[in-house]
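Notes follow once the structure below has been shown.
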Amino acid sequence: MPEQRYRWKNKYLRDHVSVLDGKLSPTLLLKNARYLNQAFRKWMTANIWIYDDRIVYVGEMLPETIKNCEVVDCEGLLLVPGYIEPHAHPFQLYNPHSFASYASQFGTTTLINDNMVLALQMDKNRAFTFLSELKNLPSTMYWWCRFDAQTEIQNEEVIFSNRNVKSWLEHEDVLQGGELTGWPKLLAGDDLMLHWIQEAKRMRKKIEGHFPGASEKTLAKLMLLGADCDHEAMTGKEVYNRLMQGYTVSLRYSSIRPDLPVLLDEMHELGINYYDQIIFTTDGSTSSFYEQGMIDHMIRIAIEKGVPVIDAYNMGTINIARYYQINHLHGAIATGRVANINFLACETNPTPISVLAKGKWVKRDGLPMDAYPDVSWEDKGFEPLTINWNLYVDDLQFSMPFGIKMENAVITKPYSISIDASVERLNDSNDECFFMLIDKNGKWRMNTLLKGFASRLDGLASSFSNTGDIILIGKNKKDMMDAFNRMKELGGGIVVSEKGKIVQEIPLKVKGVMSDQPVENLIEQEKKLLAYLRERGYQFADPIYSLLFFSSTHLPYIRMTQQGMYDVMNKTVLFPTIMR
């Protein structure tokens with residue numbers, strides 16, 4: 001079936017005009033609406049006509065005919081544009097469908113999504129079909145184009161071939177290249193990455209950075225090479241440096257970096273009180289973090305920290321739309337825009353009581369409207385993880401001279417192993433566990449010890465990882481095998497075994513990396529797992545991100561990858577994987 005080239009066909013555009021001519025009725029009329037008008041930077045009152053998914057008029061007039069129109073009197077409410085999340089990772093146990101549905105309840109109706117899992121888990125044609133099908137959701141879904149795997153994988157030159165990357169960049173739903181986790185390679189002379197950046201710029205698409213700790217000179221170099229925005233500022237001074245070099249700055253409030261309150265305080269101390277080049281992101285937080293809200297919660301924090309109310313809303317709406325050059329469709333309540341509208345009780349509470357997404361009610365008077373249809377994931381190429389191989393006792397041999405020590409939830413360093421790792425069970429008196437990464441197809445493994453993850457964890461198995469390969473952690477080899485076998489039965493997931501019994505599990509039946517459950521269900525499962533792991537000695541912010549980033553070479557200092565134990569700073573494989 002051929003792709004539709006334009007969002008609205010000529011016939012639909014003529015219908016939109018016919019509504020103004022009185023020949024057709026709007027489908028929805030919002031009367032007496034006090035709304036945020038960004039052109040005038042003030043609250044104004046108007047009548048808003050909507051036809052299907054588009055705002056066709058905003059002003060004083062009323063339509064000549066309302067025969068087939070729902071009329072809503074908005075007296076006492078405030079209307080703002082639907083919020084935009086510019087940096088979503090929609091695969092953090094949840095899936096793009098469930099995440100979009102959940103986000104809509106907090107007024108975030110447009111998501112700009114990471115394509116990493118799609119690039120790693122399926123061929124591009126099936127991925128593009130999936131993108132097309134997501135257009136049927138009330139939420140609006142845009143995407144990035146990754147330039148590297150964020151780890152050392154065995155077939156990166158195939159997955160991230162020039163042809164594949166160019167095809168993603170050319171896709172109409174892709175708004176940017178990046179995020180540039182591989183920027184050290186770019187600075188070191190990777191001309192293929194620079195070519196992809198050039199191609200993105202030629203297509204008038206943005207380049208998203210990932211530059212934690214970057215110096216002023218490094219930021220300037222990366223701006224010269226094509227970067228447009230960065231979300232890794234961790235202090236007010238780092239925000240200042242990015243603004244000085246011409247970046248749009250994405251302020252972050254996430255499960256592993258809840259930086260926003262401190263960033264705003266330090267920005268104000270530095271005299272930064274102009275916000276047009278500043279946007280918000282929750283940066284792919286895990287489910288339980290989103291209980292408090294999403295972009296709406298960031299707007300609330302900004303208002304509480306003294307940001308002018310209209311600027312606070314703009315950082316979650318029109319600033320993002322202008323940056324991505326989609327402000328003709330999103331970010332404002334104005335004629336011609338997609339009908340994404342949030343209805344608020346007051347201007348200092350950005351969590352909406354009602355939400356329109358593409359002109360459909362997805363939340364009404366505080367209640368969800370069941371506007372997101374169920375998904376058959378297997379029909380879309382996201383079948384459960386099939387493990388047709390067995391784990392054996394001989395696989396659980398740990399003789400590495402040094403192990404991996406966790407400094408925090410995501411930073412890992414090498415350390416010298418001083419305990420006997422040849423035993424069947426490690427002593428609970430220390431915080432060291434057996435640690436294993438094994439190919440999801442059973443071809444190779446990598447074994448060492450992990451220090452700092454837990455002190456009383458018998459056995460954990462996870463198919464949730466950067467690459468979808470299997471992670472095993474624990475004190476007891478038998479429980480590790482029991483957890484693995486239960487995960488295998490589930491078709492993927494995170495499973496914990498204790499004293500021979502399965503005590504925790506989060507099924508991940510979508511490719512072994514995502515749940516098919518609503519985010520609300522996932523929140524409860526995740527909270528139980530976190531509480532359990534804390535009781536067993538996990539002391540950091542987010543164990544889900546720990547599992548995800550054990551293989552991620554954009555972070556220091558040592559990682560477990562498909563190629564082996566990897567020294568990030570020296571870009572060297574210290575010990576290769578062992579073939580099974």
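These values consider heavy atoms only, across backbone and side chains, with no hydrogens, waters or symmetry-generated copies.
Using a distance-only test at 3.5 Å, with no hydrogens or angles considered, a donor-acceptor pair links the side chain of W144 to the main chain of I112. Counting only distance, with no hydrogens or angles, the side chain of K363 and the backbone of P352 share a donor-acceptor pair below 3.5 Å. W183 contributes a side-chain N or O that, together with a main-chain N or O of H210, makes up a donor-acceptor pair within less than 3.5 Å.
Between T281 and D283, the side chains place no donor N or O within less than 3.5 Å of an acceptor N or O (distance only, hydrogens not considered). Residues Y532 and E498 bring a donor and an acceptor atom of their side chains to less than 3.5 Å of each other. Side-chain contact check for E85 and T110: no donor-acceptor pair (N or O, by modelled atom type) lies under 3.5 Å. Q92 and Y545 share a side-chain donor-acceptor pair at under 3.5 Å. There is a side-chain donor-acceptor pair under 3.5 Å between H87 and H89. Side chains of E179 and H231: a donor on one and an acceptor on the other come within 3.5 Å.
In this structure the side chain of R337 never reaches within 4.5 angstrom of the side chain of L329, judged on heavy atoms. For the pair N319/T248, no side-chain contact is recorded, criterion being any heavy-atom separation below 4.5 Å from C-beta on. Within the 4.5 Å cutoff, the side chain of S104 has heavy atoms near those of the Y372 side chain.
When the salt bridge (charged side-chain N to carboxylate O under 4.0 Å, His left out) test is applied to E238, no partner is found at least two apart in sequence or on another chain. Residues that satisfy the ring pair (Phe, Tyr, Trp, His ring centres under 6.0 Å) test with Y94, not counting sequence neighbours, are F99. Every salt bridge (charged side-chain N to carboxylate O under 4.0 Å, His left out) that D458 has, sequence neighbours left out, goes to R425. Residues satisfying the salt bridge (charged side-chain N to carboxylate O under 4.0 Å, His left out) criterion with K405, sequence neighbours excluded, are absent altogether. For E70, the salt bridge (charged side-chain N to carboxylate O under 4.0 Å, His left out) criterion is met by R364, not counting sequence neighbours.
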Apply the test side chain to side chain donor-acceptor pair (under 3.5 Å) to residues S288 and E526: give CA-CA distance (whole Å), side-chain angles for both, the deciding distance (0.1 Å), then the verdict. CA-CA 7 Å; S288 57; E526 187 183 292; 2.8 Å; yes
Can Q176 and D228 be said to form a side chain to side chain contact (heavy atoms under 4.5 Å, CB included), step by step? CA-CA 10 Å; Q176 70 178 15; D228 295 296; over 6 Å; no
One pair to check against side chain to side chain contact (heavy atoms under 4.5 Å, CB included): F106 and I295. What are the steps and the verdict? CA-CA 8 Å; F106 296 93; I295 298 298; over 6 Å; no
Please assess R41 against D311 for the test side chain to side chain contact (heavy atoms under 4.5 Å, CB included), listing each intermediate value before the final yes or no. CA-CA 9 Å; R41 285 185 61 85; D311 283 311; 3.2 Å; yes
Would you please test T151 and Q562 for side chain to side chain donor-acceptor pair (under 3.5 Å) and show each step? CA-CA 8 Å; T151 184; Q562 290 185 0; over 6 Å; no
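In K509, the NZ atom is not crowded: 12 or fewer heavy atoms of neighbouring residues, nucleotides or ligands sit closer than 6.0 Å. Heavy atoms of other residues, nucleotides or ligands lying less than 6.0 angstrom from CG of N136 number more than 12. Atom OH of Y557 is surrounded by 12 or fewer heavy atoms from other residues, nucleotides or ligands within 6.0 Å.
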Under 3.5 Å, sequence neighbours excluded: what are the donor-acceptor pairs made by side chains of residues 379-386?
from : atom 1 : to   : atom 2 : distance (Å)
D379 : OD2    : S376 : OG     : 2.8
K380 : NZ     : E133 : OE1    : 3.4
E383 : OE2    : K511 : NZ     : 3.1

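For the residue pair T282 and S254, the shortest heavy atom distance occurs at O-CB, 3.2 Å.
Distance check: L260 CG to H297 NE2 gives 8.5 Å after rounding to the nearest 0.5 Å. To the nearest 0.5 angstrom, T553 atom OG1 is 7.0 Å from D148 atom CG. Atom CD1 in I153 sits 5.5 Å away from atom CG in L120 (nearest 0.5 Å). Between the CD1 atom of I471 and the CE atom of M560 there is a distance of 8.5 Å, given to the nearest 0.5 Å. Going from atom CG of L555 over to atom OG1 of T181 covers 9.0 Å, rounded to the nearest 0.5 Å. Expressed to the nearest 0.5 Å, how far OG1 of T109 lies from NZ of K358 amounts to 10.0 Å.
Ion pairing between E535 and R456 fails under the 4.0 Å rule for side-chain N and carboxylate O.
The aromatic rings of F289 and Y253 lie tilted to each other, with the angle between the two planes from 30° to 60°. In this pair, H268 and Y275 present their aromatic rings perpendicular. The plane angle is above 60°, beyond the 30 to 60° band. Classification of the W143-F91 ring pair by plane angle, with boundaries at 30° and 60°, yields tilted. Taking the six-membered ring where the residue is Trp, Y290 and Y102 present tilted rings, their angle falling between 30° and 60°. Ring geometry for H171 versus F128: interplanar angle of 30 to 60°, hence tilted.
Under the 6.0 Å cut-off for aromatic ring centres, F435 and F550 qualify, their centroids lying closer than that.
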